[in-house]
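See below for the structure under consideration.
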Amino acid sequence: MTIIDRIRVLTDTVRNIGFPSAYRYNLNRLRIFLGKPAPGVLRLQPKGVRYPVTLRGGTSSDTAVFRQVFIEQEYLPIYNIPNVQRILDLGANTGMATVAFLNNFPNAQVVAVEPDPENHRMCSLNVAAYGARARAILGAVWSRPGKLALTRVGDQREWAVTVIEPTDDSPGFVQSWDPPTLLSMAGFETVDLLKIDIERSEIEIFNSGSDTWIERVRNLCIELHGPDCNEAFFGAMSKFEYELSHSGELAICRNIRRRART
């Protein structure tokens with residue numbers, strides 16, 4: 001990266017999250033680069049966010065998720081969706097996207113679902129100030145209710161938690177629910193915005209019969225994790241019409257409606 005590129009990144013960081021948060025965020029990065037001890041916890045309040053968020057510092061993936069949501073503003077293209085009142089966040093991690101939704105959709109209620117206990121604890125902490133508008137559920141979305149095992153993929157950091165069918169030596173167990181059950185738990189008959197980032201579990205939920213709950217979703221954004229995930233998702237969505245766009249790693253489907261039968 002050239003000096004000009006670095007200056008541009010720094011300028012964008014300050015513009016998008018404000019100088020105080022940009023200073024603390026970049027100081028954490030600098031300490032890691034220099035091999036110096038970094039703070040165990042960061043509290044940052046991005047510009048336009050009502051309450052500070054708490055991140056695990058150092059080499060935790062929390063800072064990378066914060067960068068995607070607040071500095072790179074990956075969700076920016078969806079903030080102009082009108083009349084958003086019910087949001088379901090599947091794979092909430094530490095609640096960065098949930099917090100962004102709460103601030104950009106001030107009339108919305110958000111239910112966040114996260115399977116990893118420590119990520120869920122951080123998510124609960126980050127949304128607590130929003131009171132009844134936000135609820136964090138410890139659990140996973142899957143093709144059926146049951147018990148699943150936790151594991152990590154990719155770089156093995158906190159954002160790489162996923163769930164698998166349990167075996168005798170699988171570490172940790174977490175409750176799973178299918179999408180219709182989670183909609184009922186949230187108290188939502190329909191969803192104005194569904195966010196999905198579930199580390200390949202999208203293959204499980206977009207199986208046969210998923211159209212019965214997709215038709216209850218008005219807009220969605222999803223991070224897909226490989227060609228087989230793309231195939232499962234877009235295969236399920238073939239029964240619907242929608243406007244497709246992309247932002248960073250997200251596929252965004254607006255104005256979902258069932259395709260007319262011919």
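For this chain, numbers begin at 1 and follow the sequence in order. The figures here come from the full heavy-atom set of this structure, side chains too, leaving out hydrogens, waters and symmetry mates. In this text the structure is predicted, and so the values were computed from the model without any measurement.
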Is any side-chain heavy atom of [Y] closer than 4.5 Å to one of [X]?
{"X": "Asp197", "Y": "Leu90", "answer": "no"}
{"X": "Glu241", "Y": "Arg259", "answer": "yes"}
{"X": "Phe70", "Y": "Val49", "answer": "yes"}
{"X": "Arg200", "Y": "Val153", "answer": "no"}
{"X": "Leu193", "Y": "Phe105", "answer": "yes"}
{"X": "Ile137", "Y": "Gln175", "answer": "no"}
{"X": "Gln45", "Y": "Pro20", "answer": "no"}

Between the side chain of [X] and the main-chain N/O of [Y], is any donor-acceptor distance below 3.5 Å?
{"X": "Asp89", "Y": "Val113", "value": "no"}
{"X": "Asn93", "Y": "Gly95", "value": "no"}
{"X": "Thr181", "Y": "Trp177", "value": "no"}
{"X": "Thr162", "Y": "Glu199", "value": "yes"}
{"X": "Asn103", "Y": "Val99", "value": "yes"}
{"X": "Lys147", "Y": "Pro166", "value": "no"}
{"X": "Asn207", "Y": "Glu204", "value": "yes"}
{"X": "Glu231", "Y": "Gly235", "value": "no"}
{"X": "Arg86", "Y": "Phe188", "value": "no"}
{"X": "Thr63", "Y": "Thr59", "value": "no"}

Legend entry - Among Asp62, Leu125, Leu42, side-chain contact (heavy atoms from CB on, under 4.5 Å) partner for Thr54: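 For Thr54, the side-chain contact (heavy atoms from CB on, under 4.5 Å) test succeeds with only one of Asp62, Leu125, Leu42, which is Leu125.
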Rounded to the nearest 0.5 Å, how far does [atom2] of [Y] lie from [atom1] of [X]?
{"X": "Arg43", "Y": "Leu55", "atom1": "CZ", "atom2": "CG", "value": "10.0 Å"}
{"X": "Leu148", "Y": "Phe173", "atom1": "CG", "atom2": "CZ", "value": "9.5 Å"}
{"X": "Glu114", "Y": "Thr94", "atom1": "CD", "atom2": "OG1", "value": "8.5 Å"}
{"X": "Gln68", "Y": "Ser61", "atom1": "CD", "atom2": "OG", "value": "9.5 Å"}
{"X": "Asp192", "Y": "Arg218", "atom1": "CG", "atom2": "CZ", "value": "4.5 Å"}
{"X": "Leu194", "Y": "Thr190", "atom1": "CG", "atom2": "OG1", "value": "12.0 Å"}

Taking atom types as modelled, find out whether [X] and [Y] have a side-chain donor-acceptor pair closer than 3.5 angstrom.
{"X": "Glu243", "Y": "Asn255", "answer": "yes"}
{"X": "Arg31", "Y": "Asn26", "answer": "no"}
{"X": "Ser247", "Y": "Glu74", "answer": "no"}

Legend entry - side chain to side chain contact (heavy atoms under 4.5 Å, CB included) between Val163 and Val174, worked out: CA-CA 8 Å; Val163 290; Val174 65; 3.8 Å; yes
In this structure, would [X] and [Y] fall into the same cluster of hydrophobic residues linked by side-chain contacts under 4.5 Å?
{"X": "Ile196", "Y": "Val69", "value": "no"}
{"X": "Tyr25", "Y": "Phe19", "value": "no"}
{"X": "Phe233", "Y": "Leu250", "value": "no"}
{"X": "Leu138", "Y": "Leu150", "value": "no"}
{"X": "Ile81", "Y": "Ile222", "value": "no"}

Legend entry - Centroid separation Phe206 to Phe234 less than 6.0 Å: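 No, ring centres 6.0 Å or more apart.
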Legend entry - Carboxylate-amine/guanidinium proximity below 4.0 Å for Arg157 and Glu118: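 Salt bridge flag = no for Glu118 with Arg157.
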Inset, instruction - Using a strict 4.0 Å threshold on nitrogen-to-oxygen distance, state whether Arg144 and Glu165 make a salt bridge. - result: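 A salt bridge is present here (some side-chain N lies under 4.0 Å from a carboxylate O).
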I need the minimum non-hydrogen distance between [X] and [Y], along with the two atoms involved.
{"X": "Leu244", "Y": "Ala251", "answer": "CD1-CB, 4.3 Å"}
{"X": "Ala134", "Y": "Val127", "answer": "CB-CB, 3.7 Å"}
{"X": "Pro145", "Y": "Asp178", "answer": "CD-OD2, 3.9 Å"}
{"X": "Asp211", "Y": "Phe240", "answer": "O-CZ, 3.6 Å"}
{"X": "Trp142", "Y": "Pro179", "answer": "O-CD, 3.6 Å"}
{"X": "Thr212", "Y": "Arg216", "answer": "O-CD, 3.9 Å"}

Legend entry - Full working for side chain to side chain contact (heavy atoms under 4.5 Å, CB included) between Asn104 and Tyr75: CA-CA 10 Å; Asn104 284 280; Tyr75 293 95; over 6 Å; no
Inset, instruction - Check the pair Ser143, Ile205 against side chain to side chain contact (heavy atoms under 4.5 Å, CB included), reporting the backbone distance first and the verdict last. - result: CA-CA 5 Å; Ser143 55; Ile205 69 170; 5.6 Å; no
Legend entry - Audit row: Val65, Met96, side chain to side chain contact (heavy atoms under 4.5 Å, CB included) steps and yes/no: CA-CA 7 Å; Val65 177; Met96 295 299 102; 3.8 Å; yes
